[in-house]
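Counting starts at 1 for both ligands and their atoms, following the listed order. Count residues from 1 along the sequence.
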Amino acid sequence: MGIFHVKTEIYSGVEVQKVLEKENLKKIIIITDHLMVTLGLVKIIEKALNNLKIKYDIFDDVEVDPSLESIKKGLKKVMDFSPDKIIALGGGSSIDTAKAIYYFMRNSGKEIPIIAIPTTSGTGSEVTSYAVVTDKKKKVKIPIKDENMIPEKAILDPEFTKTLPKGVIADGGIDALTHAIESYTCTSANFYTQTFALTAIVGIFKNLLKMYNDVGDKDARIEMGKASCMAGIAFDRSGLGINHSIAHILGGRFHKSHGRSNGVVLPFIIKFNSSDKETAKRYWEISKRLGLPSKTVEQGAKSLAIAVEILNKGLEIPSCVKEMGIDEESYKKLIPLMAKSALEDICTQGNLKKVSLEDMKKILNEIY
Ligand SMILES: [Fe+2]
């Protein structure tokens, strides 16, 4: 496997205006949500656009789990305004909405490049080829994957993450860590994706708690921006594993935050996967790089699970599903169904250790 490319131009620690002034833009549309308007983050972009005398319009109706309806609304607005480029400002939902709009526009013959400005450090959506759309009628999430949706530019400006609430920092950061660890250990990992993943893991362990405890720490915000972006590049090229399969189920069934679900499950999955020789070896490599006790492969793999448990504690992430406030009876009843869906999840095929339906049931029991 020798093919690797990154499509997105990444500007980290660079102000928006500095990036925009290099381009000859006449019209821009900003895709975002109401919260970004309230927090004054849209104003920062508006100021830059006004300074550069670029005409703009704003679509601020992005939903938390973007539905087809809201994407259609955004699509219409973009079509009517016909901008040179789209600025997607926000967390995964805003960037995914912009990507889905791009996807549908492209199908009708028009391409408008995306400049993604993430306001969280987690999803990596600014560099990935995925967008998740929710069909509210059928109550299903539809993942769209298309290389063409990868944003043209990503601006990782710490100005946009300085007001992040603690819970969002924790959930986003642990999601990024899960991306990096699963990418490093999955079936399609290669030298390039592993290099990105490992650097991301080191960056997250160094900076996530710092940012969580003091969002005013600009350096920590810059480093987390880089790390989550690198984790995004890694998993977009390699895929993920069963940690994400299970998080998708918890998110879909119980409406739990995607990142938080990943964090709760991660130590359990590391322990489960450690019985596979090759996966354990890769956990050991990660532990060595982190400077954790790793005299033997076994010790290294164990150390990584413990390090994640300690990180979770520091981030006030629950240590099991029960602590997430999910009712035992309804959870246990759903285990057979959830095990089946988790097994069928697209991420499961990326897991190096092969997983049976029985394994999945056991894991779902254990994480409770
Ligand atoms: Fe994720």
Give every protein N, O or S atom lying under 2.8 Å from the Fe ion (ligand 1), naming each by residue and atom.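 N, O, S partners closer than 2.8 Å: Asp175 OD1, His179 NE2, His244 NE2, His258 NE2.
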Return the set of residues passing salt bridge (Lys or Arg N to Asp or Glu O under 4.0 Å) with [X] (not counting sequence neighbours), or none when no residue passes.
X      : value
Lys210 : none
Lys55  : none
Lys76  : Asp80

Under 3.5 Å, is there a donor-acceptor pair linking the side chains of Glu63 and Ser70?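 Their side chains do contain a donor-acceptor pair, which is all the 3.5 Å distance test asks for.
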Salt bridge Glu159-Arg221, side-chain N to carboxylate O under 4.0 Å: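 A salt bridge is absent here (no side-chain N lies under 4.0 Å from a carboxylate O).
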Evaluate Glu223 against Lys226 for salt bridge (Lys or Arg N to Asp or Glu O under 4.0 Å), listing each step before the verdict. CA-CA 5 Å; Glu223 292 308 313; Lys226 284 190 214 163; 3.1 Å; yes
